[in-house]
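Structure first, commentary second.
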Amino acid sequence: MTKHVLLTGAGGFVGSHMLHRILVDTDWRVTCPVTLRHHGNSDRLAPFFEGRPDWVSRVHTFLCDLSCPIPATAQIGPVDYILNVASESHVDRSISAPAPFVRNNVELMLNLLEFARQAQPEVFLHMGTDEEYGPAYGDYKHREWDTVLPSNPYSASKAAQSALATAWWRTYQLPVMLTRTMNLISPGQDPEKYIPTVIRKVLAEETVQIHASPDGIPGSRHWIDAREFAGAWLHLLKYATVQRYPEHDRPTMYHVVGEERSNLEIAQTIADILGKPLKYELVSFHSSRPGHDLRYALDGQKLADLGWTPRRPLEDTLRDIVEWYVQRPAWLGLKAAA
């Protein structure tokens with residue numbers, strides 16, 4: 001029988017790509033609590049359903065801000081998988097207004113876990129972040145279940161979500177599976193994020209600020225297409241085993257990893273794709289953004305051993321993303337050319 005999925009964050013950047021991948025690769029029914037208050041955008045979803053009445057019939061949405069409990073009247077019905085993508089994720093906003101940011105992420109996790117206690121799904125799959133570990137020094141790549149040492153309110157709120165899920169896994173036997181992933185990129189990302197910001201500034205021939213160490217070494221990240229991430233989650237649901245307490249002392253965890261590039265390399269690649277020069281300045285990573293880390297890195301070998309790695313090179317993904325935004329200037333906060 002087909003699966004029934006509760007997918008959070010479907011109106012958001014990563015969640016919309018997760019929904020699309022489910023519709024393309026499975027016959028599952030999907031229920032989506034949605035709100036546009038946390039950077040949700042219905043324009044991310046509308047193109048999926050044009051000329052696809054079969055997809056329309058598989059998706060049910062209902063208005064629900066997950067910082068409040070899911071109402072009993074939502075009529076969700078039995079759920080096989082709960083896929084939690086929803087979270088506030090912008091570091092700068094977490095620094096400028098930490099209390100509402102952290103409160104939202106913690107409360108939505110509590111409400112989902114409490115719903116899951118009643119729903120009893122086969123899997124509760126939660127998206128975490130590399131930033132929960134804090135900075136990775138030298139050439140080190142964090143491995144699953146390394147020490148958690150978040151540096152800013154955003155990463156602390158995500159670490160809190162993972163900790164809560166782990167506690168519900170042990171106390172209530174909830175079938176939790178955790179992933180931690182890197183900088184997710186793809187079409188449809190909010191203009192506040194790094195990739196669309198760089199595209200906008202290069203197009204306008206403005207200076208791009210690149211976070212760097214005091215001695216001028218640019219920060220680096222692993223970068224992965226959100227569409228690839230969605231494929232990794234479907235792979236995990238098919239092949240990964242949900243570890244249970246007391247046979248195991250912690251939930252199943254996998255890292256979903258892309259390719260490592262410095263922030264400067266990413267900006268230069270975007271400028272090359274656009275055929276424009278890159279104007280940039282290196283700024284101290286901590287003085288410009290307190291709580292910022294120069295490098296994050298995850299080891300993805302465990303998931304590779306399970307049979308999944310990204311399907312296409314990062315440069316191809318970046319070219320696809322740049323072309324998408326150039327054709328849709330409103331997504332960069334720009335007016336279309338007359």
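Atoms considered below: every heavy atom in the structure, side chains included; atoms not considered: hydrogens, waters and symmetry mates.
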Using the side chain to side chain contact (heavy atoms under 4.5 Å, CB included) rule, take Trp324 and Trp331 through it: C-alpha gap first, then chi angles, then the decisive distance, then the call. CA-CA 9 Å; Trp324 188 90; Trp331 281 88; 3.6 Å; yes
Please assess Leu45 against His20 for the test side chain to side chain contact (heavy atoms under 4.5 Å, CB included), listing each intermediate value before the final yes or no. CA-CA 8 Å; Leu45 304 178; His20 187 253; over 6 Å; no
Evaluate the side chain to side chain contact (heavy atoms under 4.5 Å, CB included) criterion for residues Leu236 and Leu303: first the C-alpha distance (whole Å), next the side-chain angles of each, then the deciding distance (0.1 Å), finally the verdict. CA-CA 8 Å; Leu236 287 171; Leu303 183 52; 3.7 Å; yes
Would you check, one step at a time, whether the test side chain to side chain contact (heavy atoms under 4.5 Å, CB included) holds for Trp168 with Leu110? CA-CA 10 Å; Trp168 262 244; Leu110 282 170; 3.8 Å; yes
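Smallest separation of non-hydrogen atoms from Pro251 and Thr166: CD-CG2, 3.8 Å. Considering all non-hydrogen atoms of both residues, Thr181 and Met127 come closest at CG2-CG, 4.4 Å. Here the closest heavy-atom approach between residue Asp299 and residue Glu144 is recorded as O-OE2, 4.0 Å. A pairwise comparison of heavy atoms in Ala116 and Pro121 identifies O-CD, 3.5 Å as the closest pair. Nearest heavy atom pair, residue Thr2 against residue Arg29, reads OG1-N, 4.0 Å. Residues Ser87 and Leu108 approach most closely at CA-CD2, 4.1 Å, considering heavy atoms.
Ring geometry for Phe49 against Trp55 counts as perpendicular: the plane angle is over 60°, on a 0 to 90° scale with 30° as the lower cut. Taking the six-membered ring for Trp and thresholds of 30 and 60 degrees, Phe13 and His17 have ring planes more than 60 degrees apart, a perpendicular arrangement. Relative orientation of the Tyr140 and His142 rings is perpendicular, given thresholds of 30° and 60° on the angle between their planes.
Of the listed residues (Arg44, Arg93, Arg200), just one forms a salt bridge (charged side-chain N to carboxylate O under 4.0 Å, His left out) with Asp190, and that residue is Arg44. The only option from Arg295, Lys141, Arg221 that meets the salt bridge (charged side-chain N to carboxylate O under 4.0 Å, His left out) definition with Glu260 turns out to be Arg295. Partner of Glu132 under the side chain to side chain donor-acceptor pair (under 3.5 Å) criterion, chosen from Ser157, Ser162, Ser151: Ser162.
At most 12 non-hydrogen atoms from other residues, nucleotides or ligands lie less than 6.0 angstrom from CZ of Arg170. The number of heavy atoms from other shown groups lying within 6.0 Å of CD (Gln75) does not exceed 12. In Tyr280, the OH atom is not crowded: 12 or fewer heavy atoms of neighbouring residues, nucleotides or ligands sit closer than 6.0 Å. Taking a 6.0 Å sphere around CG of Asp54, one finds it holds more than 12 heavy atoms contributed by other residues, nucleotides or ligands. The local environment of CZ in Arg117 is crowded, with over 12 non-hydrogen atoms from other residues, nucleotides or ligands closer than 6.0 Å.
Remark: His222 engages no residue in a ring pair (Phe, Tyr, Trp, His ring centres under 6.0 Å) (not counting sequence neighbours). Here Glu247 pairs with nothing under the salt bridge (charged side-chain N to carboxylate O under 4.0 Å, His left out) rule; sequence neighbours left out.
In this structure, the ring of His255 has its center less than 6.0 angstrom from the ring center of Tyr133. Within the 6.0 Å centre-distance limit, the rings of Tyr81 and Trp28 are counted as a close aromatic pair.
There is a side-chain donor-acceptor pair under 3.5 Å between Ser155 and Asn152. Side chain to side chain, Lys3 and Thr26 fail the donor-acceptor criterion of an N or O pair below 3.5 Å. Using modelled atom types, one finds a donor on one side chain and an acceptor on the other under 3.5 Å when comparing Glu131 with Tyr296. Side-chain N/O atoms of Asn111 and Glu107 include no donor and acceptor closer than 3.5 Å.
Judged by distance alone, with hydrogens and angles left aside, the side-chain atoms of Thr197 form a donor-acceptor pair with the main-chain N or O of Pro191 at under 3.5 Å. At least one donor-acceptor pair under 3.5 Å links the side chain of Asn105 to the backbone N or O of Glu88. Between the side chain of Thr35 and the main chain of Asp65, no donor-acceptor pair closer than 3.5 Å is present. Between the Trp308 side chain and the Leu234 main chain, no donor and acceptor come within less than 3.5 Å of each other. With hydrogens and angles disregarded, no donor-acceptor distance shorter than 3.5 Å links the side chain of Glu315 to the backbone of Thr269. Distance alone, capped at 3.5 Å, is enough to place a donor-acceptor pair between the Glu259 side chain and the Leu314 backbone. Between the side chain of Glu265 and the backbone N or O of Ser262 there is at least one donor-acceptor pair closer than 3.5 Å. At distances below 3.5 Å, not a single donor-acceptor pair connects side-chain atoms of Tyr194 with backbone N or O atoms of Asn183.
Once rounded to the nearest 0.5 Å, the distance linking CD1 of Ile76 with CG of Leu6 reads 5.0 Å.
Relative to the six-membered ring of Trp145, Arg250 meets both conditions, a distance below 6.0 Å and an angle of at most 45° to the axis.
Within the 4.5 Å cutoff, no side-chain heavy atoms of Val176 are placed close to those of His126.
Between Asp146 and Arg180 no salt bridge is recorded (no basic side-chain N to carboxylate O distance below 4.0 Å).
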